[in-house]
Number of protein chains: 2
Amino acid sequence: MSSKDGEVTSKGEQTRTRIVDAAMTLLEERGYDGTTMRAVADAAGVSLGNAYYYFASKEHLVQGFYDRLQELHATAAAERLPGVDGLGARFATSELAFLDAAGRYHRFAGKMFAVAADPSSPLNPLSEASTPARDASTQIMREVVRGSTVRADARVLEELPDLLWLAHLGVVLFWVYDSSPDQRRSRLLVTKASPVLERLVGLTRWRALRPTVNELLDLVAELGGRSAGR
Amino acid sequence: MSSKDGEVTSKGEQTRTRIVDAAMTLLEERGYDGTTMRAVADAAGVSLGNAYYYFASKEHLVQGFYDRLQELHATAAAERLPGVDGLGARFATSELAFLDAAGRYHRFAGKMFAVAADPSSPLNPLSEASTPARDASTQIMREVVRGSTVRADARVLEELPDLLWLAHLGVVLFWVYDSSPDQRRSRLLVTKASPVLERLVGLTRWRALRPTVNELLDLVAELGGRSAGR
DNA sequence: CGATGTTCTTGAACACGTTCAAGAGCCCGC
DNA sequence: GCGGGCTCTTGAACGTGTTCAAGAACATCG
């Protein structure tokens, strides 16, 4: 693949990194629209065409940012989770970690989200290209569930990480649209909703609710974690 | 407003309509990206700049399409709802009406959705510009609830139209990402989920669930129907 | 060393969404 | 009729994301 040896940073890889670094700086400085491919190329010291040699599109370039945000979330969550017990508290911890990590990028989160919402975009959370990012995210939720002392219906317990991932998407959605200062309302949502979530999960052990719970789970299972894809 | 009399179609209004018509035809024929502003202007028999006199942006133009789709949904739902009794059945009827009306545009629904997902877009369901469309949509849900024989907790009953609107957004979301032939899975979702939804609503009358239900409603109320906006 | 194929780089070009100054058409009061 | 102020219309221009043919730099093999 490379000329030299097993060294990770071939010439091309270095250029690629320079481009991503330039892009991240500009994204934070000028937002999505302000970050033109020409500006990125200039800042990275390469020609416009060269940037396209490494990244098929602006969206592919932005995915680099997206992946890094995911990492920040995973790291922060792993740091804070130990010692936290209840399911609700653990979920809240994870989500607050996300809000802290993502806060500085909130101003262009909307644009990012819009780009990601396109099913044909590589940034789409359900797309092939972001399978790693999605897996990393559900992994966090698995950790949230595993360390908790929650009791629930067995099937629910099994599906819980995926369900929490959906809840996380909901939080992200709310956060993206949150125009309150410092996104306080998003934090409010997380702290208020988490106990309710825990209570709901606990309720699934009730005999009388079993049929309804099973109906719900069947529904989720049948429609598949991979949403509506074939 | 117009030169003539109370006639609805002034010169400008006619041109505006011609442009929207051209846009809808092209959207169905060529998809979102294929529908260039130049092509729309050509098809409508006006200059490019003229199209921008009537629509501030491509997104605003597409909103014309969006509004019409909403109308089609409302009309179709109003046609089919009479005689349908249960809440689940009524919701399913409304949603299937939507799926039928929207089906032909599914191929570019993703792009539309992506554009709409941008908080700064006029197409965004929570934006100022789409207040009418949103109201029209919740109106359908009010009708779904009003005609039904559902029994539920009083507060739930009051919030139900808004909650069903959220459920509708969920259906739309699923549909957008539905790549199954003829979007069969979306229809499956609607037919399977509607009875579960009815059952859940019915459960809210249980004494034992009252605290949890109230917690949930408080949460929804506090965070506001207008999502995270101030 | 020299030839050959691969990787990397360039700048020009294209179509697009959008803006804008300029003008055409129209209506009203005089 | 005619001036003045609207509404409506135009075409050129700008900056954008993206493509592409061409060449430079480099690696590999004889």
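Note on naming: letters A, B, ... go to the chains in the order of the sequence lines (proteins, then strands), and numbering restarts at 1 for each one.
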Considering only nitrogen or oxygen atoms on both sides, find all protein atoms under 3.5 Å from nucleotides 23-25 of chain D and state each distance.
none

TODO: Could you note down all residue pairs passing salt bridge (Lys or Arg N to Asp or Glu O under 4.0 Å) where residues 49-78 of chain B supplies at least one of them, sequence neighbours left out?
DONE: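 Matches after skipping sequence neighbours: B:Asp21-B:Arg68.
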
Open item on the list: Any residue in residues 29-36 of chain A with a heavy atom nearer than 4.0 angstrom to DNA chain D? Just list them by number, or reply none.
Closed with: A:Thr35, A:Thr36

Task: Sub-4.0 Å heavy-atom contacts from residues 40-55 of chain A onto DNA chain D, ordered by number - done: A:Leu48, A:Tyr52

Open item on the list: Can you tell me how far apart CG (A:Asp162) and NE2 (A:His168) are? Round to the nearest 0.5 Å.
Closed with: 13.0 Å

Open item on the list: Please report the interatomic distance CG(A:Leu173) to CG(B:Leu169), rounded to the nearest 0.5 Å.
Closed with: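 Reported value, rounded in 0.5 Å steps: 9.0 Å.
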
TODO: Just jot down the side-chain hydrogen bond (donor to acceptor under 3.5 Å, both in side chains) partners of B:Gln183, sequence neighbours excluded, or say none.
DONE: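 Only B:His106 meet the side-chain hydrogen bond (donor to acceptor under 3.5 Å, both in side chains) criterion with B:Gln183.
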
Task: Those residues that, when tested against A:Glu143, pass side-chain hydrogen bond (donor to acceptor under 3.5 Å, both in side chains) (two or more places apart) - done: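 By the side-chain hydrogen bond (donor to acceptor under 3.5 Å, both in side chains) rule, A:Glu143 matches A:Arg146.
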
Length of the line joining [X]:[atom1] and [N]:[atom2], which is rounded to integer Å:
X	N	atom1	atom2	value
B:Gln14	C:dG25	CD	C1'	15 Å
B:Lys58	D:dT16	NZ	C1'	14 Å
B:Met37	D:dG11	CE	P	16 Å

Task: Trace of the side chain to side chain contact (heavy atoms under 4.5 Å, CB included) decision for A:Asn124 with A:Asp118 - done: CA-CA 6 Å; A:Asn124 187 281; A:Asp118 188 340; 5.9 Å; no

Contacts of type side chain to side chain contact (heavy atoms under 4.5 Å, CB included), residue [X], not counting sequence neighbours:
X	result
A:Ser94	A:His73, A:Ile140, A:Met141, A:Val144
A:Thr93	A:Arg80, A:Leu81, A:Val84
B:Ala117	A:Phe113, A:Ala114, A:Ala117, A:Tyr177

- [ ] Kindly say whether, by distance alone, the side chain of A:Arg38 makes a donor-acceptor pair under 3.5 Å with the base of D:dG17?
- [x] yes

Open item on the list: Tell me the bend of the helix from C:dC1-D:dG30 to C:dC30-D:dG1 as the angle between end helix axes, each from five pairs, rounded to the nearest 10 degrees.
Closed with: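 So the angle between the two local helix axes works out to 10°.
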
Side-chain donor/acceptor pairs under 3.5 Å, residues 36-48 of chain B, sequence neighbours excluded:
unit_1  : atom_1 : unit_2  : atom_2 : d
B:Thr36 : OG1    : B:Ala39 : N      : 2.9
B:Ser47 : OG     : B:Asn50 : N      : 3.2

TODO: For side chain to side chain contact (heavy atoms under 4.5 Å, CB included), just list the numbers for A:Phe55 and A:Arg16, CA-CA rounded to whole Å, side-chain angles, deciding distance to a tenth of an Å, and then say yes or no.
DONE: CA-CA 8 Å; A:Phe55 299 94; A:Arg16 185 188 210 87; 3.8 Å; yes

Open item on the list: Around atom CD of A:Glu28, are there more than 12 heavy atoms from other residues, nucleotides or ligands closer than 6.0 Å?
Closed with: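 Yes, because the 6.0 Å sphere around CD of A:Glu28 holds more than 12 heavy atoms from other groups.
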
Open item on the list: Any side-chain N or O of A:Thr15 below 4.0 angstrom from OP1/OP2 of C:dC8?
Closed with: no

Task: Counterpart residues, ring pair (Phe, Tyr, Trp, His ring centres under 6.0 Å), relative to A:Phe108 (two or more places apart) - done: A:Phe65

